[in-house]
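Following: one structure in structure tokens, then a few remarks.
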Protein chains: 4
Amino acid sequence: MAQPARPLRADAARNRARVLDVAYETFADEGLSVPIDEIARRAGVGAGTVYRHFPTKEALFTAVIADRMGRMVDDGRALLESEGPGEALFTFLRSLVLQWGAADRGLVDALAGYGIDVACAAPEAEDAFKAMLGELLRAAQEAGTARRDIDMRDVKAILVGCQAMQAYDSALAERATGVVIDGLRPPR
Amino acid sequence: MAQPARPLRADAARNRARVLDVAYETFADEGLSVPIDEIARRAGVGAGTVYRHFPTKEALFTAVIADRMGRMVDDGRALLESEGPGEALFTFLRSLVLQWGAADRGLVDALAGYGIDVACAAPEAEDAFKAMLGELLRAAQEAGTARRDIDMRDVKAILVGCQAMQAYDSALAERATGVVIDGLRPPR
Amino acid sequence: MAQPARPLRADAARNRARVLDVAYETFADEGLSVPIDEIARRAGVGAGTVYRHFPTKEALFTAVIADRMGRMVDDGRALLESEGPGEALFTFLRSLVLQWGAADRGLVDALAGYGIDVACAAPEAEDAFKAMLGELLRAAQEAGTARRDIDMRDVKAILVGCQAMQAYDSALAERATGVVIDGLRPPR
Amino acid sequence: MAQPARPLRADAARNRARVLDVAYETFADEGLSVPIDEIARRAGVGAGTVYRHFPTKEALFTAVIADRMGRMVDDGRALLESEGPGEALFTFLRSLVLQWGAADRGLVDALAGYGIDVACAAPEAEDAFKAMLGELLRAAQEAGTARRDIDMRDVKAILVGCQAMQAYDSALAERATGVVIDGLRPPR
DNA sequence: TATGAATGAGGCTTCATTCAT
DNA sequence: TATGAATGAAGCCTCATTCAT
């Protein structure tokens with residue numbers, strides 16, 4: 001999101017992006033406690049290179065989260081176009097569980113506020129995410145497909161819960177997400 | 001659960017119970033990464049005493065979980081008596097969120113399968129928990145208060161999700177749990 | 001100086017004293033940049049043991065300095081008895097150079113204020129040292145063997161200089177200290 | 001001192017001189033442990049440029065010392081002209097303390113032989129410095145303003161001590177230097 | 001040639017576990 | 001048996017030096 005003062009050299013930018021992707025996968029595989037050295041090894045770079053781009057482990061983790069949240073925002077907005085206002089919210093919720101399959105421990109930890117406060121560490125990403133979620137919810141409420149006695153923050157909490165379910169057991173999560181979604185629809 | 005060959009001396013049994021309680025609180029406060037020394041300090045014993053009762057940190061954690069799951073089983077069964085078959089399941093779900101308020105990181109981590117696989121580590125506790133949950137669900141389904149297209153494993157996943165919501169934001173969790181419960185009720 | 005709340009176990013006290021002594025020698029030999037692991041190795045203990053007694057490298061260094069300053073204070077006071085008021089100050093100055101022979105880098109660094117501010121880190125030791133130095137100076141001034149236009153702080157600065165000379169070249173330091181001492185005597 | 005085979009291009013020579021000056025200031029501010037990157041940053045060049053001119057950190061440090069010693073030699077010689085033989089030595093000593101005011105850690109460390117042996121690393125600078133100091137001392141001895149029972153090496157040790165005093169407390173150093181100088185004057 | 005990115009060894013510190021008291 | 005001191009393997013991070021751009 002934030003542009004660095006000077007654009008990175010081509011090779012540095014490539015390394016940075018590679019570290020970010022590998023870090024996402026590695027956190028997802030192993031959880032937040034995975035050593036930085038392991039991420040560096042998987043990315044095929046020295047540990048120093050990771051630290052050049054992300055000065056602390058927490059900064060790396062925050063960058064991963066911000067990156068992923070940015071993608072989620074894009075996904076959510078795209079769904080509003082492709083699915084229409086009535087179903088975009090629900091499809092978004094389901095897509096979190098379906099697409100981001102394999103145990104996504106790091107992200108869940110982060111969304112649930114473990115260890116790192118996303119709202120503080122990456123406020124722009126957090127705000128953009130909340131704005132997108134608010135739009136999806138409002139669209140669904142206006143379309144009459146979502147109950148009106150909830151707000152964006154409730155949906156965000158539920159989303160965290162779905163992520164946790166998915167980490168707990170991806171096979172079950174799909175059906176359980178359906179149950180939760182039924183709870184979000186208007187009564188009757 | 002497993003009884004030692006010889007019953008513990010009274011003071012040893014007292015120490016064991018105290019460590020178990022303190023460990024629960026400490027994991028809840030600080031997460032799984034809290035040092036054993038901190039637990040020993042809070043319990044007012046030496047680190048060696050903790051290791052006498054629980055041979056590894058993982059064994060201690062597993063024992064904490066098994067202990068808590070045992071209490072949950074008792075709670076669930078009691079609710080079946082006090083609340084009746086139709087509402088016991090929902091009250092149980094709400095009570096997890098309400099009673100076990102303050103961030104209960106350790107338990108959520110465990111239930112979600114982080115780091116430790118409860119089903120393997122404490123199979124008896126896991127089985128008892130599942131049995132109780134199955135009873136609550138069947139009772140509700142027979143009473144017509146829960147939809148019939150879900151099974152115990154779905155409810156367990158949802159329960160994990162509710163725990164995660166509660167860890168994420170206890171204030172929101174109560175209302176969000178209501179939404180989820182609405183999803184569990186029969187359609188229409 | 002400060003007594004711990006509970007007295008250490010005998011073996012722990014022995015280890016602590018040993019680490020303190022070895023750390024002094026090692027800092028003196030190698031300078032402040034010597035790794036803690038090297039000190040642990042020389043002391044025949046694990047690195048963890050050093051950290052149990054001194055929570056950071058700086059704390060270890062401060063403790064070494066405070067310990068040495070305490071010994072200096074004792075030495076100075078003893079000289080006042082054995083040498084009499086007129087010569088105790090000068091004998092003390094010489095003894096710093098003679099006794100504490102081999103390059104005492106760490107101590108010089110500390111006295112000179114490099115890296116660590118002794119006055120802040122070990123204020124009691126610093127105060128006791130200044131008090132002792134003030135007594136030696138006053139005694140000499142009253143005995144007529146030291147000039148009256150200087151105060152304790154000047155003497156402390158000169159002492160730092162002598163330590164530096166000694167670190168620079170112990171062989172030369174003895175004669176050069178004699179020159180400096182001549183400068184401290186009353187004119188004519 | 002040593003001239004490169006081919007004279008440097010004008011911009012390269014400018015860079016070299018700039019790095020040398022900035023390195024002096026930076027070592028003086030931060031001590032020998034300052035990273036090369038910090039020096040490069042302050043000089044407005046890349047780290048690679050520093051390494052092009054000085055193949056190791058030690059070489060850079062040595063060059064800084066040699067450069068400064070060269071300036072001291074020039075200063076000392078000039079004082080012999082301007083102050084006359086009787087006072088040049090003492091004025092030189094005072095000027096070290098007064099002019100090179102602000103904590104000059106790097107230089108003091110070096111003169112005192114910390115980490116680097118100036119006599120080995122920059123023997124020409126060391127020899128020229130000693131020669132100059134010998135001239136100042138001899139001039140003062142012949143003028144009758146310095147005692148005759150000391151030689152150049154004693155004065156060098158004392159100079160090191162004065163530098164250390166100045167690093168310890170610049171405010172005190174001026175008066176304390178006066179005391180030391182009194183010690184250098186002939187008795188009576 | 002200048003730049004600054006990459007490397008990787010090494011330092012400080014933590015903490016699960018063992019063991020002497 | 002209870003204590004808490006000792007151990008030592010890792011983990012995070014820094015920085016001298018090399019090298020691709």
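Reminder, nothing fancy here: chain letters follow the sequence lines and each chain counts from 1. These values consider heavy atoms only, across backbone and side chains, with no hydrogens, waters or symmetry-generated copies.
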Output all residues satisfying side chain to side chain donor-acceptor pair (under 3.5 Å) with [X], sequence neighbours left out; order by chain, then residue number.
{"X": "A:Arg42", "result": "A:Asp29, A:Glu30, A:Glu38"}
{"X": "A:Asp37", "result": "none"}
{"X": "A:Arg18", "result": "none"}

Distance, rounded to the nearest Å, where [X] contributes [atom1] and [N] contributes [atom2]:
{"X": "C:Phe54", "N": "E:dT14", "atom1": "CZ", "atom2": "P", "result": "15 Å"}
{"X": "B:Arg14", "N": "F:dA2", "atom1": "CZ", "atom2": "P", "result": "11 Å"}
{"X": "C:Asp11", "N": "F:dT3", "atom1": "CG", "atom2": "P", "result": "16 Å"}
{"X": "A:Phe61", "N": "F:dC12", "atom1": "CZ", "atom2": "P", "result": "14 Å"}
{"X": "B:Arg18", "N": "F:dT1", "atom1": "CZ", "atom2": "P", "result": "21 Å"}
{"X": "A:Glu30", "N": "F:dG11", "atom1": "CD", "atom2": "P", "result": "12 Å"}
{"X": "C:Lys57", "N": "F:dT14", "atom1": "NZ", "atom2": "C1'", "result": "13 Å"}

Counting side-chain heavy atoms from CB outward, which of [options] is closest to [X]?
{"X": "D:Thr49", "options": "E:dT3, F:dC12, F:dT17", "answer": "E:dT3"}
{"X": "D:Tyr51", "options": "F:dT18, E:dA6, F:dT21", "answer": "F:dT18"}
{"X": "C:Arg52", "options": "F:dT17, F:dA6, E:dT7", "answer": "F:dA6"}
{"X": "C:Ala12", "options": "F:dC13, E:dA2, F:dA6", "answer": "F:dA6"}

Structure string for DNA chain F in dot-bracket form, Watson-Crick and G-U at under 3.5 Å, | interchain | .||||||||||||||||||||
Neighbours of DNA chain E within residues 33-43 of chain C, by heavy-atom distance under 4.0 Å |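 Residues of residues 33-43 of chain C that come under 4.0 Å of DNA chain E are, in numerical order, C:Val34, C:Pro35, C:Ile36.
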Between A:Ala164 and B:Ala164, what is the shortest heavy-atom contact and its length?
-> CB-CB, 3.3 Å
With sequence neighbours excluded, residues passing side-chain contact (heavy atoms from CB on, under 4.5 Å) with [X]:
{"X": "C:Ala23", "value": "C:Phe27, C:Ile39, C:Leu60, C:Val64"}
{"X": "A:Asp21", "value": "A:Arg68, A:Arg71"}
{"X": "D:Thr49", "value": "D:Asn15, D:Val45, D:His53"}
{"X": "D:Thr56", "value": "D:Glu58, D:Ala59"}

Do C:Phe54 and C:Leu20 come close enough that some side-chain heavy atom pair is under 4.5 Å?
->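 Answer yes - side chains close enough.
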Can you check whether C:Asp67 reaches C:Tyr24 side chain to side chain, under 4.5 Å on heavy atoms?
->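 No - every pair of side-chain heavy atoms lies 4.5 Å or more apart.
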If you pin C:Pro55 and A:Arg16 to their nearest nucleotides in DNA chain E, which one's is more 5'?
->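 Here A:Arg16 is the residue nearer the 5' end.
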Taking for each residue the nucleotide of DNA chain E with the nearest heavy atom, is it D:Asn15 or A:Val45 whose nucleotide lies nearer the 5' end?
-> D:Asn15
Tell me what D:Ala47 touches on the nucleic acid: a base, only sugar-phosphate, or nothing, going by heavy atoms under 4.0 Å.
-> base
Name the residue closer to the 5' end of DNA chain F, choosing between B:Gly44 and A:Thr56 according to the nucleotide with the nearest heavy atom.
->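 Its nearest nucleotide lies further toward 5', so the answer is B:Gly44.
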